[in-house]
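Below: one structure, written as structure tokens.
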Amino acid sequence: MRTFAKIALGIFLVATLAWASDPWKDKAYQQWDQKDIARVLNDSPWVKDTTVDASWSGRGAPRLQEPLGTPGPTAGNSQSPMGGAAGGQTGGMGGGGMEPAPVASIAPPPGQNQATFHARWLSSRTMREALVRLQILEGKMNQASGEQYVAQEPADYQLVLFGPDMTPFESLEEAALAKDAYLEMKKSKTKLAPSQVLIQRAGDGKKLQAVSFSFPKTANGQPTVPLDEKNITFVCSFGRTTLKFNFDPQKMADKQGRDL
């Protein structure tokens, strides 16, 4: 988890491209170009977003409209596309990262003040391949290191939550977030609590940029996400606000099979 926690937010890729195919099914990731990477990071079964009323804001601030992005790789360590070596200090974002920035802002309709949050299923092979490939194309990682990284399957399911306005998370602690977050399986009607929550801040340790969640893959010797499960809802609550992101594990698959 600590390696995955060293994430740099930035490199927002345009989500309005015309997608011709699913690169995770049609190409080896070593052949992905920038468009393919954008598709994986912005418009794939491993990416979900939700918009809620920004009740924490006391004024009608303009709503930010941005291309969907994901916590991306950072320079500073050629062994990890997340930046920083395994076992590094938690809570950091890795050296050389960029903060997220909207590309445009529009005023919301009168009376509306909303915020958008994104959730990425970071432990998936497909997402890790996209992050590695992006770093290779940018000259921040060599192919051999990338192959080695992708081959290391995370022990837990890992999701990262972020958005242009992380204000409500500033006053929260990791323990509190762990109590009010879970994965809910629609078919089995079970809820899975996180085994770890990490708040991620900028290199200066001040600006909060993301929150990462780890969930166990097995419990009592059984998979926590059954093979026949068709809907997983990632829920995170704070104050009077509840964020919900619905993932379909049947669609979260590449050429090698289910990919969570």
Side-chain angles (χ1 to χ4, degrees), residues 1-15 37-38 40-52 54 56-57 61 63-74 81-84 90-94 96-103 105 114-124 127-128 130-131 134 154 157-174 176-178 180-181 183 194 196-215 233-239 241-247:
M1 174 69 181
R2 291 181 183 271
T3 299
F4 281 81
K6 307 286 281 187
I7 305 165
L9 285 179
I11 312 177
F12 285 88
L13 301 172
V14 178
I37 296 170
V40 173
L41 298 182
N42 302 314
D43 185 27
S44 73
W46 297 272
V47 179
K48 299 296 176 181
D49 62 271
T50 189
T51 299
V52 296
W56 56 89
S57 177
R63 177 180 175 183
L64 298 179
Q65 182 176 344
E66 58 180 279
L68 294 182
T70 188
T74 178
M82 303 303 172
T90 57
M93 301 302 292
M98 296 183 294
E99 296 183 4
V103 294
S105 62
Q114 297 182 304
T116 297
F117 293 92
H118 314 292
R120 304 294 180 263
W121 202 287
L122 196 62
S123 58
S124 70
M127 187 66 67
R128 289 182 289 121
L131 293 172
L134 181 59
Y157 296 130
Q158 296 167 359
L159 289 82
V160 63
L161 187 159
F162 67 102
D165 182 5
M166 296 294 286
T167 302
F169 291 92
E170 289 286 355
S171 60
L172 300 176
E173 296 184 354
E174 292 165 347
L177 285 168
D180 294 319
L183 294 181
Q196 187 177 31
V197 175
L198 291 174
I199 292 175
Q200 309 302 322
R201 295 186 179 275
D204 59 8
K206 296 180 180 180
K207 182 178 177 59
L208 192 153
Q209 295 186 305
V211 182
S212 55
F213 300 79
S214 285
F215 296 90
T233 302
F234 170 44
V235 180
C236 180
S237 298
F238 49 87
T241 302
T242 297
L243 306 179
K244 293 184 177 182
F245 306 88
N246 294 309
F247 293 89

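Here the structure is a predicted model, which is why all the values come from computation and not from measurement.
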Q. Is a donor on one side and an acceptor on the other found under 3.5 Å between the side chain of E174 and the backbone of I199?
A. yes
Q. Is it true that a side-chain atom of R128 and a backbone atom of S123 form a donor plus acceptor pair closer than 3.5 Å?
A. yes
What heavy-atom pair brings [X] and [Y] nearest, and what distance separates the two atoms?
X    : Y    : answer
M166 : Q209 : CG-O, 4.1 Å
F117 : F245 : O-CE2, 3.5 Å
S124 : W121 : OG-O, 3.1 Å

pair [X]-[Y]: side-chain heavy atoms closer than 4.5 Å:
X    : Y    : value
C236 : L161 : yes
V211 : V197 : yes
L41  : L131 : yes
L183 : F213 : no
S171 : W56  : no
M127 : V47  : yes
V235 : T242 : yes
L198 : Q200 : yes

Q.
Counting the benzene-type ring for Trp, do F247 and F234 have ring centres under 6.0 Å apart?
A. no
Q. Taking the six-membered ring for Trp, is the centroid-to-centroid distance between Y157 and F215 below 6.0 Å?
A. no
Q: For E170, check salt bridge (Lys or Arg N to Asp or Glu O under 4.0 Å) against everything at least two apart and list the hits.
A: R201
**Q.** Between CG on residue N42 and CD1 on residue I37, distance to nearest 0.5 Å
**A.** 11.0 Å
Q: Would you give the length of the straight line joining atom OG1 of T241 to atom CG of D180, rounded to the nearest 0.5 angstrom?
A: 12.0 Å
Q.
Applying side chain to side chain contact (heavy atoms under 4.5 Å, CB included) to T116 and H118, what does each step give before you reach the verdict?
A. CA-CA 7 Å; T116 297; H118 314 292; 3.6 Å; yes
